[in-house]
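Let me begin by presenting the structure, written as structure tokens, before commenting on it.
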Amino acid sequence: MGGDQLSSIVTLTGTSTPTPNPIRAGAGVLVQTGGMNLQFDAGRATVMRLAAIEIRPLALDAVFLTHHHSDHLQGLDDLVMARWISGSLERSVIDTRLAVVAPDGPLADILEHLLDPWREDFKVRKLDMGGDTEPALNTTLFDAARTLEVVWEQGDVRVLAMRVQHDPVVPSVGYRVESPDGVVAVTGDTSVCEEVGVLAQDADILVHEAMLSEAVLGSTRESVMHYHSDSVGIGETAKAAGVKSLILTHLIPAPEQFEYGVECYEAAIRSGGYDGPLVVGEDLSSVEYG
Ligand SMILES: [Zn+2]
Ligand SMILES: [Zn+2]
């Protein structure tokens, strides 16, 4: 983003779940603030959604991961390799490693081996492109704390993390991005919990995963409801935390899959007591702040 941009912006790069949906990429949120492009999770097709808003993989300053569910990670190797290829072709780019910040735990092993299936591809591409480097991550692991802790800082921007409730997927964290323009909280996957209230206290924008319990049918109920967030509870959380603007993502089920889907999500949030600006997310929905 250029220095002439007056405000910061949050863009949903993917609003889906593991269920394939032709209009929704896998989970991801881009926060552009303080001259930084910060990506939170990288589900399937993240590079395509970023390309649609002219954010090249090389333009990302860091990627933050919330937990080790595949729907939040499936686009990560794509991002790393696209960054390397475009950087290698540009010659002027010396370090194409992608900075990845993640809670220590199962993600450590996933990240260590993320690029293993592609070693033969790297060999032939290196020959083609005449360079010495290979795609790589620059990984920072942190201990997922039960209180807000700073996990990344650069310039005027700092990112804090704390655990949320997505058991048995442990650890699962949410993030809080603080900059002179304001505060954005990103829940990752979580049930409605007090921790999100701490993450999102007085936030300008809260990006919250969302489920509409009455629309979750059949066998799916058993498997998803215990560790995702009913929208009435999200409305209660957002109101209690003094959130200024609320964006719903990771929608279970997707609102286009049932009648009056968007209106039903809105009604549930309102019945929880939150009455501020609300976006029932689509891919590339964006909200400015600051
Ligand atoms: Zn998920
Ligand atoms: Zn999950």
Side-chain angles (χ1 to χ4, degrees), residues 10-31 39-49 63-79 100-111 114 142 144 161-175 185-193 195-196 199-200 206-213 215-217 219-231 233-234 237 246-257 261 265 279-283 285:
V10 174
T11 305
L12 303 181
T13 58
T15 55
S16 190
T17 62
T19 308
N21 180 321
I23 60 168
R24 293 179 186 272
V29 181
L30 176 70
V31 178
Q39 176 71 30
F40 294 83
D41 286 334
R44 68 166 74 96
T46 297
V47 288
M48 293 178 66
R49 294 300 184 264
V63 176
F64 299 81
L65 302 175
T66 60
H67 66 299
H68 52 281
H69 261 155
S70 56
D71 54 314
H72 298 250
L73 304 172
Q74 282 158 332
L76 187 60
D77 59 351
D78 194 6
L79 204 50
V100 176
V101 181
D104 202 359
L107 272 169
D109 194 47
I110 292 171
L111 293 174
L114 185 75
F142 61 87
M162 72 181 281
R163 284 191 190 219
V164 292
Q165 300 288 338
H166 194 44
D167 298 11
V169 188
V170 177
S172 183
V173 302
Y175 289 98
V186 177
T187 62
D189 283 3
T190 183
S191 52
V192 170
C193 63
E195 289 86 338
V196 171
L199 268 175
L206 168 61
V207 181
H208 205 310
E209 74 119 273
M211 175 177 67
L212 193 71
S213 299
V216 179
L217 303 174
S219 56
T220 323
R221 289 182 74 87
E222 289 276 295
S223 60
V224 305
M225 286 189 60
H226 64 100
Y227 64 3
H228 290 293
S229 294
D230 177 64
S231 292
I234 297 170
T237 303
L246 176 62
I247 307 176
L248 306 183
T249 188
H250 198 281
L251 299 150
I252 308 173
E256 64 275 9
Q257 290 171 342
Y265 272 102
V279 174
V280 180
E282 298 174 1
D283 283 19
S285 290

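Indexing begins at 1, ligand by ligand and atom by atom, following the structure's order. Computed from heavy atoms alone, side chains included, the values below leave out hydrogens, waters and symmetry copies.
- Side-chain N or O atoms of Ser172 include one that pairs as donor or acceptor with a backbone N or O of Asp189 at under 3.5 Å.
- Legend: residues meeting ring pair (Phe, Tyr, Trp, His ring centres under 6.0 Å) with His68, ordered by chain and number and at least two apart, are absent.
- Nearest heavy atoms, Tyr227 versus Val169: CE2-CG2, 4.0 Å.
- For the Zn ion (ligand 1), protein N, O or S atoms closer than 2.8 Å were enumerated as Asp71 OD2, His72 NE2, Asp189 OD2, His250 NE2, with waters left out.
- Listed for the Thr187 side chain is no donor-acceptor partner under 3.5 Å among the backbone atoms of Gly174.
- Checked by atom type and distance alone, the side chain of Ser229 pairs as donor or acceptor with a backbone atom of Val192 at under 3.5 Å.
- Between Tyr175 and Phe142, the angle of the ring planes goes over 60°, which puts this pair in the perpendicular group of the 30/60° scheme.
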